[in-house]
Structures are given as structure tokens and as C-alpha cells.
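First up is the structure itself, then whatever we jot down about it.
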Amino acid sequence: MMYDPSHQLVKMDQVMDWNFVSKQLEVFYPYSIGRPTKDPIMLVKILLIQYLEGFRSVRFTCKQVKQHATYRWFLGISPTEKIPDHSTISKFLSQRLQGVAFWEELFQHCLLFIHDEGFIANETWVADETELKANANKRVRNVQIEEKIIEEKEDDLTLINEHRARHGKKLLMTKEPKVEEKRTNSSPVDPEARLSVKHDERGRFAYFEHRIVDSLHNFIIATDVTAANVPGHRKLVGQVDQLKQLFGQYAKEIALDSGYYNAPLARRLFERRFFVYMSYRRFATKDHPNCRRYQFKQVNEDLYACPCGVPFYYKTTNRQGYHEFKPPKGSCQFCPFVKRENEDRLLRISIHQEIYNQLRGQRLSYRGKILRSVRPATVELSFAHSKELHGLRYARYRGVQKVKRQVLMTAIIQNLKKWTKLRSLKQIGLHLTHEIIEESV
């Protein structure tokens with residue numbers, strides 16, 4: 001059969017461990033029951049073709065396989081042999097494999113092989129999230145009233161009481177959980193998707209993909225899918241802990257954008273000994289431009305000085321998690337930066353200010369400025385390839401598990417493409433591993 005030996009599928013066929021795939025599929029196809037089926041390896045290969053080329057559907061992929069000699073070579077069928085019907089592949093996904101367990105195992109299996117060959121360096125990880133438009137009409141919405149239980153954060157209350165006890169203040173008691181009614185919009189065809197205003201002011205139903213890549217060759221090492229109302233800082237710690245179990249160690253550095261600017265997240269990353277580059281998130285404020293919080297100078301723990309030199313003394317630490325500092329009464333009466341006449345300025349400092357200061361110091365350091373330029377060339381580029389080349393701009397399926405299956409297949413394809421390229425360079429003596437390899441002459 002005539003085929004293109006330089007095609008990406010030919011190279012992928014050489015690195016893929018098909019014995020592992022066959023072993024994982026055995027449980028879905030017992031030989032003693034029913035009539036002989038199509039080779040499940042062939043069905044997996046057709047799906048890989050679809051995600052490699054970015055075809056919009058399985059039906060369209062089957063039409064392309066009929067006309068393409070290299071596709072037929074990859075599947076191992078002759079030019080006259082009939083290929084499986086598109087409905088067979090759809091039932092293979094929905095009725096046989098069902099969830100994402102098979103794809104997660106295949107993703108991690110390929111990742112371990114790449115790691116063992118030295119192409120993944122646990123030096124710097126880069127994380128981000130992107131929006132996938134759900135397969136749902138944004139104009140048709142169901143409004144639901146849900147009860148949400150709001151509990152007080154125990155860690156924050158512990159910090160608050162430590163400061164209050166140090167200054168002789170009365171300790172705050174834990175409040176009972178508060179129940180609030182929350183208005184939620186959902187889609188009748190995809191109830192698991194949620195509204196996102198990230199790219200549309202009116203909102204559209206979407207999912208978030210949370211991705212971590214390595215900074216050496218931009219391999220996708222972790223991915224997860226949630227509804228569009230789950231921010232990335234809730235998923236990141238769980239993802240890095242899973243990578244610790246997979247690779248046996250944490251990375252030394254991690255680069256994040258401003259969407260992850262969160263003190264509890266930063267604290268947990270520091271506990272894992274990460275050097276964290278986290279872009280600053282500038283919040284809106286009504287303060288005078290010449291009398292902002294960050295323009296106050298700290299003299300000691302209980303004393304700050306405003307830009308005009310007026311001392312601000314510690315008064316209390318409130319339940320909202322802020323230290324309150326006030327000047328002597330009437331000190332701001334003739335200040336040119338006063339917000340209201342005959343009213344003294346109240347300075348509020350977060351109980352997590354030490355964490356924010358540590359983040360600022362690492363962000364402005366020499367290494368932090370280097371990591372600032374790493375993000376666009378790694379995780380942003382990875383998302384761009386997924387959307388432009390592999391059809392990940394939209395969710396083809398409905399439901400978190402099915403969308404996660406689409407994301408995992410895309411990640412497998414991107415990793416295999418990069419792996420084959422690095423292997424071909426290795427054959428000509430160019431070892432782009434995380435350790436320098438010298439050829440013996």
C-alpha cells in the first residue's frame with residue numbers, strides 16, 4: 001500500500017505502546033460472549049486520527065479515512081476493506097469505555113514513558129485555565145434557586161484570634177453556618193455547564209480546562225475539566241499533588257497568571273517549597289491616588305505612616321480578616337487627600353499581608369522576571385495549538401466527563417506529536433533532554 005512515511009501518524013505508530021492499549025481494552029471485549037467484533041485498537045486509532053487532524057465529527061473522520069491511503073495504513077486495512085461505521089465508534093465511546101478512566105490511564109502511561117526518556121524536567125511548571133464553549137444555546141436558560149451553605153474559614157479565624165490575643169482583644173467565636181439562596185442559570189440540554197462572562201458580556205455556557213505544562217518542551221502533564229464557575233485556584237493544589245505521586249517530586253518553580261492571585265493558594269504552594277511567580281491582580285479602590293494603601297510605610301507591627309507622615313496605630317482585627325489602623329482623632333482634617341471632610345482615614349491591612357509581600361518579592365526578583373516571559377511561550381502556546389489545530393475551541397460533547405474525555409484525547413495527541421519530534425532529533429544526535437548527554441566518540 002502506498003503511504004506517506006513522513007506523516008505524523010507513521011511516527012506516532014512507532015512510539016505508541018499498542019500492547020498496553022490492547023491490554024486495557026480486553027475487559028470491554030470478552031471473547032467468549034457474542035459474535036466477533038471490530039478490532040478495538042482500530043476504533044482507538046480512528047479517534048486519534050480525528051483529534052490529530054481536528055476533524056469536527058466521527059462521521060466526517062470515517063469519510064476521510066476511506067479516501068486517505070496513510071490513514072488506511074495506520075489502521076492496518078487494505079484499500080478495498082470496509083472501515084467501521086461511525087455509529088460503531090460512537091457506541092464504543094458511550095457504551096463500552098463510558099467514562100474517562102481508559103483515557104486517563106493512557107495519558108499517564110504515555111507521560112511516564114516521555115518522563116523516563118528525559119524529555120520532561122521537573123524544574124518549572126506553568127499552569128493556566130481556558131474556556132471551552134459548551135454545546136448549548138446561551139439564550140435558553142433554566143433559573144434555579146439553590147441553597148448555599150456559607151461556613152466561616154477556620155484557618156482565617158485562627159489567624160485573626162492569634163492577632164487579637166497578642167493585643168489583648170477578646171477572641172471571636174465561630175459563627176454558625178449561614179444558608180443563603182443563590183440564583184443559578186443552567187442549560188436544559190447541558191445542565192453541568194455554567195455561564196461564563198469571560199468572552200461574552202451577556203454570558204455563555206462553558207467549561208474550564210485547567211492545564212499544567214512543563215517549561216522544557218511544553219508537554220501537557222496535567223489536565224482537568226470543571227464547570228465555568230470553578231476557578232483555577234481551587235484545582236491547582238490537587239493537580240500538583242497528583243504530579244508529585246506520578247513523578248515522585250514537586251517542581252522547584254511554578255508560574256501563574258493573575259487569575260490565581262489568592263493568599264490561601266500561595267500559602268499552600270509555599271508549604272510545598274515552590275518558588276511562585278504569580279502575576280499581580282489590581283483590585284478597584286476608591287482611595288485617593290496619592291493615599292493608597294500600598295503607599296503607607298510600615299514602621300513596626302502596630303504602626304504605619306501615611307504619605308503625609310501621620311502615624312496610624314493598630315486598633316483591632318475584624319472578622320473579615322483585616323487589621324484596622326487609625327490616626328489620632330482629627331489628624332486628617334486638613335489633609336489634601338482626604339476622601340470626606342471631618343472624617344479620618346481608616347487603614348485596613350489583610351491578615352495575609354506577609355504572603356502577599358512574599359509573592360511580590362518573588363515576582364519582582366530576577367528569577368521572577370524570567371518566569372514572566374515563560375508563560376506566553378508555554379501554556380498559552382499549548383492552548384493555542386489545542387484550539388487551532390485540534391478543535392478544542394468548542395466542547396463537542398455534553399457533560400463534564402465527556403468534555404474531559406475530549407480534552408484528554410487532545411492532550412495525548414499533542415504529547416505524542418512532540419514526543420515523536422524529539423525522538424527524531426535524538427536519532428541524528430541532538431539530545432534535547434533535561435540532562436546534557438555527550439556522545440562517546
Side-chain angles (χ1 to χ4, degrees), residues 1-26 28-29 36-97 100 102-103 105-107 109-110 113-114 219-220 382 384-397 402 405-425 427:
M1 180 187 297
M2 297 294 294
Y3 70 95
D4 182 8
S6 63
H7 197 278
Q8 194 72 49
L9 286 172
V10 180
K11 299 177 181 178
M12 286 171 49
D13 186 65
Q14 298 171 357
V15 300
M16 176 64 81
D17 186 3
W18 296 115
N19 291 330
F20 172 81
V21 178
S22 178
K23 185 177 179 181
Q24 296 300 115
L25 293 173
E26 283 180 357
F28 303 107
Y29 289 90
T37 63
K38 288 289 185 181
D39 185 5
I41 296 289
M42 184 188 302
L43 306 182
V44 173
K45 287 183 176 181
I46 291 177
L47 290 170
L48 293 180
I49 292 173
Q50 178 188 356
Y51 283 86
L52 174 67
E53 303 293 354
F55 293 147
R56 61 182 179 270
S57 66
V58 177
R59 187 191 297 265
F60 183 78
T61 305
C62 292
K63 290 182 180 179
Q64 296 299 311
V65 171
K66 292 179 182 178
Q67 307 166 6
H68 205 293
T70 304
Y71 294 165
R72 285 182 171 271
W73 176 92
F74 181 63
L75 298 180
I77 59 177
S78 64
T80 58
E81 188 174 347
K82 185 179 179 180
I83 66 169
D85 189 73
H86 64 88
S87 62
T88 303
I89 303 170
S90 298
K91 291 178 181 178
F92 168 72
L93 276 175
S94 60
Q95 299 179 10
R96 295 286 185 175
L97 299 184
V100 298
F102 168 76
W103 301 107
E105 292 173 356
L106 182 59
F107 171 73
H109 182 75
C110 295
F113 266 93
I114 299 170
F219 281 105
I220 302 171
S382 180
H385 287 171
S386 298
K387 294 182 178 183
E388 294 296 327
L389 303 179
H390 306 294
L392 198 62
R393 192 174 297 278
Y394 306 99
R396 293 194 180 102
Y397 306 101
K402 293 182 179 180
R405 182 177 65 196
Q406 176 187 351
V407 168
L408 282 170
M409 284 192 274
T410 304
I412 291 170
I413 285 295
Q414 286 187 246
N415 287 346
L416 288 177
K417 284 176 61 178
K418 199 171 294 293
W419 189 18
T420 56
K421 181 178 180 180
L422 292 171
R423 268 198 164 189
S424 62
L425 293 175
Q427 292 176 356

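Separating the CG atom in L416 from the NZ atom in K421 is a distance of 15.0 Å, to the nearest 0.5 Å. One distance of note links NE2 of H385 with NZ of K417; it measures 7.5 Å at 0.5 Å rounding. Atom CD1 of residue I413 and atom CG of residue L408 lie 12.0 Å apart, to the nearest 0.5 angstrom. Here CD1 of I46 is found 12.0 Å from NE2 of H86. Values are rounded to the nearest 0.5 Å. Rounding to the nearest 0.5 Å places NZ of K418 at 6.5 Å from CZ of F219. Between the CD atom in Q64 and the CD1 atom in I83 there is a gap of 10.0 Å [rounded to 0.5 Å].
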Please test F55 against V65 for side-chain contact (heavy atoms from CB on, under 4.5 Å), starting from the C-alpha separation and ending with a verdict. CA-CA 11 Å; F55 293 147; V65 171; over 6 Å; no
Start with the C-alpha gap between D17 and C110, add the side-chain angles, then the distance that decides, and say whether side-chain contact (heavy atoms from CB on, under 4.5 Å) holds. CA-CA 8 Å; D17 186 3; C110 295; over 6 Å; no
Determine, stepwise, if the pair E53 / Y71 fulfils side-chain contact (heavy atoms from CB on, under 4.5 Å). CA-CA 11 Å; E53 303 293 354; Y71 294 165; 3.0 Å; yes
Intermediate values then yes/no, side-chain contact (heavy atoms from CB on, under 4.5 Å), V100 and K402: CA-CA 8 Å; V100 298; K402 293 182 179 180; over 6 Å; no
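Taking the ring-ring contact (aromatic ring centres under 6.0 Å, His included) definition, one finds that Y397 meets it with nothing, sequence neighbours left out. Evaluation of the salt bridge (charged side-chain N to carboxylate O under 4.0 Å, His left out) rule for R59 yields no partner, not counting sequence neighbours. Take R396 and apply the side-chain contact (heavy atoms from CB on, under 4.5 Å) test, not counting sequence neighbours, and it matches Q50, Y51, Q406. For K387, the side-chain contact (heavy atoms from CB on, under 4.5 Å) partners are T130, R393, not counting sequence neighbours. For K45, the salt bridge (charged side-chain N to carboxylate O under 4.0 Å, His left out) test picks out D13, with sequence neighbours left out. For the side-chain contact (heavy atoms from CB on, under 4.5 Å) test, residues two or more places apart in sequence or in another chain that qualify with Q24 are F20, F102, E105.
Looking at H7, its side chain does come within 3.5 Å of a backbone N or O of L9 through a donor-acceptor pair. For the pair T61 (side chain) and S57 (backbone), a donor-acceptor distance under 3.5 Å is present. Not a single donor-acceptor pair under 3.5 Å links the side chain of R72 to the backbone N or O of Q67. Using modelled atom types, one side-chain atom of H390 and one backbone atom of L52 make a donor-acceptor pair closer than 3.5 Å. Counting only distance, with no hydrogens or angles, the side chain of N415 and the backbone of I220 share a donor-acceptor pair below 3.5 Å.
Counting heavy atoms from C-beta outward, L25 and F92 have side chains that approach closer than 4.5 Å. Between L106 and M16 the shortest side-chain heavy-atom distance falls below 4.5 Å. Counting heavy atoms from C-beta on, the side chains of L422 and I114 never come closer than 4.5 Å.
What you find for F113 and W419 is that their closest heavy atoms are CB-CH2, 3.6 Å. The minimum heavy-atom distance linking C62 with P84 is given by the pair SG-O, 3.9 Å. The heavy-atom pair separating I41 from S22 by the smallest distance is CD1-N, 3.7 Å.
Residues T420 and Q8 have side chains that bring a donor and an acceptor to within less than 3.5 angstrom of each other.
Geometric assessment of R56 against the ring of F60 yields a positive cation-pi assignment under the 6.0 Å and 45° thresholds.
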